[in-house]
Amino acid sequence: MAAVQQMEPVPTPVRPQSMNGGAYTKDIDMDATSPPLRPSLPLCSEPQRGDTRIVVIMYGHGQEKIVGVFAEVLGKPSRMKSRFEDVGQEDRDWVIGVSAESAKADIATRKRGMVVAINAHCTGLGMPPDAYLSAQCDYEFLYTETPFFRRDLARFTSHILGQLSQHQALVAKPRTFIISTTFPDVHAALPNIDILTVGADAIEIRVDLLKEPRGDGTYSEVPSLSYVGEQVMLLRQRTELPIIFTTRCTKENGRFPMDNPGLYYDYLYRAIQWGVEYIDVELWLPEEIRRKLYEQRGNSRILSAFHDFSGTFKWTSERAESIFLESRRYADCVKMIAIINDHNENFELEYFRSKIKAKFSDVPLSAVNMGETGQWSRTLNKFFTPITHPLLPIIAAPGQMSAAEINQALAMLGQLPRKSMYGITSPSMRSATPQAPFYEKCFNELGLPHQFAVVEWQPKGYGSIGAWCNQKNFGGAYFNPAVSFKSLVATSDFLSSLNNGAGPTLSEAARLIGMVDTIVVRPNSSSAPASAPASNPSSPPRHRNEDSFSALSPAQSGLPPNTSLILDNASWKGILSTLTRDLAPSAYFGCAAVVLASSAEDAASALFALKALKVGKVYTVGFKTPPAFGKDLLIEPFTSLESIQRARTIGAGGTDVGTGTGSPFLVVSALGPEKSTLVGMLVRLFGSRGSTNARKVFLDLADRSASRKGDPALVAEQSGFAAYGAADVTAFTTVETLRLLVGQNVPYSFVRLASGRTLF
Ligand SMILES: O=C1C[C@@](O)(C(=O)O)C[C@@H](O)[C@@H]1O
């Protein structure tokens with residue numbers, strides 16, 4: 001198994017104390033690990049073991065089943081206890097349920113180093129959560145029973161326990177946008193949420209703009225915590241984007257009153273308990289409040305906010321830098337926003353930005369100017385640029401632009417040149433749904449100037465990788481289906497000539513998987529390693545094969561100097577996202593899995609995803625596992641019916657699901673439709689049996705659209721599996737491909753919506 005290394009400790013919120021209260025106790029007991037090698041894809045967050053304390057769920061009257069659902073999502077069995085006092089070391093691998101009523105007796109004296117207390121409250125019960133439990137618990141999960149959103153619970157638990165985090169990936173991304181929603185009621189946003197969030201990397205809920213009806217036609221001055229909680233719940237149920245929770249004060253263009261700073265603490269701390277990813281903390285708040293929120297932020301991240309509407313703020317002043325320094329003390333990211341009077345002040349901001357970046361690269365800065373005069377700075381800001389959308393009722397601040405407007409402005413200024421991107425397919429894909437209209441729709445929605453074409457390529461046949469890639473305006477490509485790295489390089493003079501003949505740069509994922517599905521174009525940074533590619537060969541090598549990369553006219557040919565091509569693999573990320581949509585990563589940690597494929601190439605992306613999920617053992621059928629995987633995965637090929645039988649009966653009681661010793665919890669099949677009967681048979685063999693009611697997972701990677709044979713997913717569902725198919729993986733892979741190719745985030749639900757039911 002993977003070597004372990006110490007992870008930065010992840011504190012979790014502690015009981016809120018009175019604003020005069022003493023310092024909180026850091027009583028966290030975690031055995032934290034991280035994977036041995038970070039794949040070089042910057043946009044993914046690797047699952048972590050995170051907080052391993054015993055999870056105790058407090059449930060409301062008649063709601064005991066939520067305890068079992070939490071357990072399933074975490075991959076653990078559950079049992080009930082009467083009080084916190086009864087929870088002990090023997091409960092280590094269990095999820096414990098305690099009724100809300102009896103939890104009140106001793107929640108305050110629980111062993112905080114041993115248990116993490118989650119108040120699960122069903123909003124459909126018609127009353128707010130118990131105020132005492134809300135204040136005392138570590139976290140609070142608000143949910144609706146019908147419909148119930150399992151993916152919301154999976155996301156909540158993965159976040160609060162530190163198993164998945166998006167922050168690092170967002171900071172590493174070259175450009176990120178946040179959409180500032182301004183709805184008085186989140187319900188109004190829901191019908192359009194997919195389209196509203198295209199291009200956004202995070203979504204801001206302006207809590208101060210929410211309007212809670214009082215019932216007499218008027219609205220409360222400040223929306224109540226229970227109203228805000230439901231609004232946050234609604235939003236999180238419908239979007240996969242990280243949420244930014246903002247209580248903007250009246251002096252900074254918001255509606256939250258400023259006479260009681262404690263009010264901000266109450267709302268912002270509660271947002272941490274609700275598992276909101278980012279908390280906007282205004283700099284004017286007393287230091288004591290900012291410090292406490294920072295210390296109690298758990299896995300949430302603090303975005304410090306400063307706005308100056310006076311019109312006298314100077315980016316060149318000493319005050320500007322001291323504001324940044326003060327903000328940074330209790331923040332993970334800093335936002336500074338000012339009204340300016342003169343266009344030159346945009347240049348001053350750019351100077352400030354570069355100075356701060358050079359001196360303090362650890363805390364990212366989002367800094368823009370307001371008003372029309374300041375719009376230029378909105379096109380230059382790279383981290384968390386606030387954006388609006390035409391479907392929003394009002395803009396959140398003067399001068400705000402949409403993602404499409406910013407991209408169009410960048411294109412006009414020559415900062416976002418028009419690129420040619422390709423979908424490289426094989427003749428076998430001719431009958432598949434055309435993909436070009438989908439990409440064009442995305443580019444259009446995002447205001448991107450790029451063009452997209454689907455081209456056909458066959459190793460040793462027609463089509464030329466060199467001719468597509470070695471163009472001045474080449475913007476990247478995806479392969480569908482993925483191609484083996486070896487055959488790609490063997491048939492392309494151009495690719496093999498890169499890096500002075502060493503061949504193209506590979507991401508860690510593509511290297512291990514051996515299959516490439518994306519070619520990414522990246523500018524060479526000055527920090528690039530010495531081996532970074534010189535993508536533009538100084539003199540064209542002689543052609544060994546058909547890859548006539550000089551076929552273009554001189555004006556078109558030649559990647560610009562200082563440009564690298566990186567061969568990558570997005571499919572494993574699509575598989576990982578599919579598997580963790582309804583389950584937290586811990587459901588897979590240490591478990592046994594079965595992978596069926598007719599070649600190692602077909603299985604490799606799934607194996608890489610299973611490695612990232614730290615599964616305990618992989619049984620294989622139909623292929624020989626590449627040695628590279630042997631280092632991190634325990635592999636056992638099924639060689640006979642006996643070996644299958646043995647794996648099947650291990651831990652037949654079923655209580656060890658997720659503990660690494662049970663019978664397989666996950667079955668992934670990459671076998672084609674012609675092998676449906678075999679897949680169905682194996683799935684049935686490994687179906688849920690015994691006392692466990694935990695649903696196992698079946699993932700079918702085969703495209704079954706043209707097949708009339710039986711669907712193994714149906715067999716799987718009948719045998720106690722939750723089944724996922726190629727359409728889910730393709731949509732998540734497309735999300736990743738778009739991030740890699742154009743650096744923009746397009747939500748999974750938009751991909752599914754825009755590409756219709758068949759999905760390519
Ligand atoms: O802080 C900011 C930035 C902002 O004020 C803007 O200028 O775009 C918009 C606000 O919603 C957000 O909280």
Side-chain angles (χ1 to χ4, degrees), residues 175-184 186 189 196-197 199-211 223 228 231-232 235 241-256 258 264 267-268 271 276-285 290 300-311 313 315 323-324 327 331-341 345-346 349 353 364-406 409:
R175 191 178 272 276
T176 44
F177 291 128
I178 57 176
I179 176 99
S180 314
T181 63
T182 50
F183 292 100
V186 164
L196 259 176
T197 52
D201 296 279
I203 183 165
E204 176 183 49
I205 177 166
R206 281 285 301 269
V207 173
D208 57 295
L209 298 182
L210 293 175
K211 284 180 145 184
V228 173
Q231 294 276 308
V232 170
L235 185 60
L241 290 180
I243 294 175
I244 300 175
F245 184 99
T246 303
T247 47
R248 188 67 65 241
C249 71
T250 46
K251 197 170 155 229
E252 299 193 11
N253 203 28
R255 300 224 178 111
F256 244 52
M258 297 178 72
Y264 290 77
Y267 280 68
L268 298 173
V276 174
E277 287 83 357
Y278 289 93
I279 315 296
D280 180 299
V281 178
E282 296 183 336
L283 185 63
W284 68 273
L285 286 168
R290 290 185 287 121
S300 300
R301 293 289 164 257
I302 304 288
L303 177 55
S304 166
F306 164 83
H307 289 77
D308 193 309
F309 279 84
S310 68
F313 181 80
W315 291 105
I323 284 170
F324 175 82
S327 307
D332 301 285
C333 8
V334 171
K335 183 161 60 175
M336 290 177 66
I337 301 197
I339 281 275
I340 53 164
N341 307 301
E345 291 173 75
N346 288 315
L349 165 54
R353 196 194 304 286
L365 170 68
S366 168
V368 298
N369 288 322
M370 282 180 285
E372 223 175 305
T373 321
Q375 282 185 326
W376 192 60
S377 67
R378 291 186 187 258
T379 68
L380 294 179
N381 181 67
K382 299 265 175 63
F383 175 73
F384 274 10
T385 307
I387 53 169
T388 183
H389 191 279
L391 290 172
L392 286 169
I394 49 166
I395 52 167
Q400 248 193 359
M401 300 159 83
S402 68
E405 282 170 336
I406 292 182

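The residues of the chain are indexed from 1 along the displayed sequence. Remember, it's 1-based here, ligands and their atoms both numbered in the order they're listed.
- What sits closest to atom 6 (C) of ligand 1 on the protein, heavy atoms only, is Ala397 CB, 3.3 Å.
- Counting heavy atoms under 4.0 Å from ligand 1, residue Arg378 touches it through the side chain alone.
- Checked by atom type, the side-chain pair Asn381/Arg353 shows a donor-acceptor distance below 3.5 Å.
- Within ligand 1, the atoms closer than 4.0 Å to a non-hydrogen atom of Ser180 are 11 (O), numbered from 1 in the order shown.
- Among all non-hydrogen protein atoms, the one lying nearest atom 3 (C) of ligand 1 is Ile337 CD1, 3.3 Å.
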**Item:** side chain to side chain contact (heavy atoms under 4.5 Å, CB included) assessment of Met336 paired with Val368
**Value:** CA-CA 7 Å; Met336 290 177 66; Val368 298; over 6 Å; no
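- Ligand-side atoms of ligand 1 in range of Ala396: 9 (C), 11 (O), range being under 4.0 angstrom from any heavy atom.
- Note on Arg175 versus Asp201: no salt bridge recorded, every NZ/NE/NH1/NH2 to OD/OE distance being 4.0 Å or above.
- When Glu252, His307, Met370 are checked for heavy-atom proximity to atom 5 (O) of ligand 1, His307 turns out nearest.
- No side-chain heavy atom of Ile387 sits under 4.5 Å from any side-chain heavy atom of Ser402.
- Residue-to-ligand polar distances place Arg248 within reach of ligand 1: an N/O pair is separated by less than 3.5 Å.
- Remark: side-chain polar atoms of Glu204 are not paired, donor with acceptor, to backbone N or O of Phe245 under 3.5 angstrom.
- Residues Ser180 and Gln400 have side chains that bring a donor and an acceptor to within less than 3.5 angstrom of each other.
- Checked against the 6.0 Å centroid threshold, Phe177 and Phe383 do not count as a close aromatic pair.
- Numbered from 1 in the order shown, with element, the atoms of ligand 1 that lie under 4.0 Å from a heavy atom of Arg206 read 10 (C), 11 (O).
- Among the atoms of Lys335, some N or O lies under 3.5 angstrom from an N or O of ligand 1.
- Annotation: atom 9 (C) of ligand 1 to nearest protein heavy atom, Gln400 NE2, 3.5 Å.
- Counting protein heavy atoms only, atom 11 (O) of ligand 1 is closest to Glu204 OE1, 2.7 Å.
- For the residue pair Asn346 and Trp315, no side-chain donor N or O sits within less than 3.5 Å of a side-chain acceptor on the partner.
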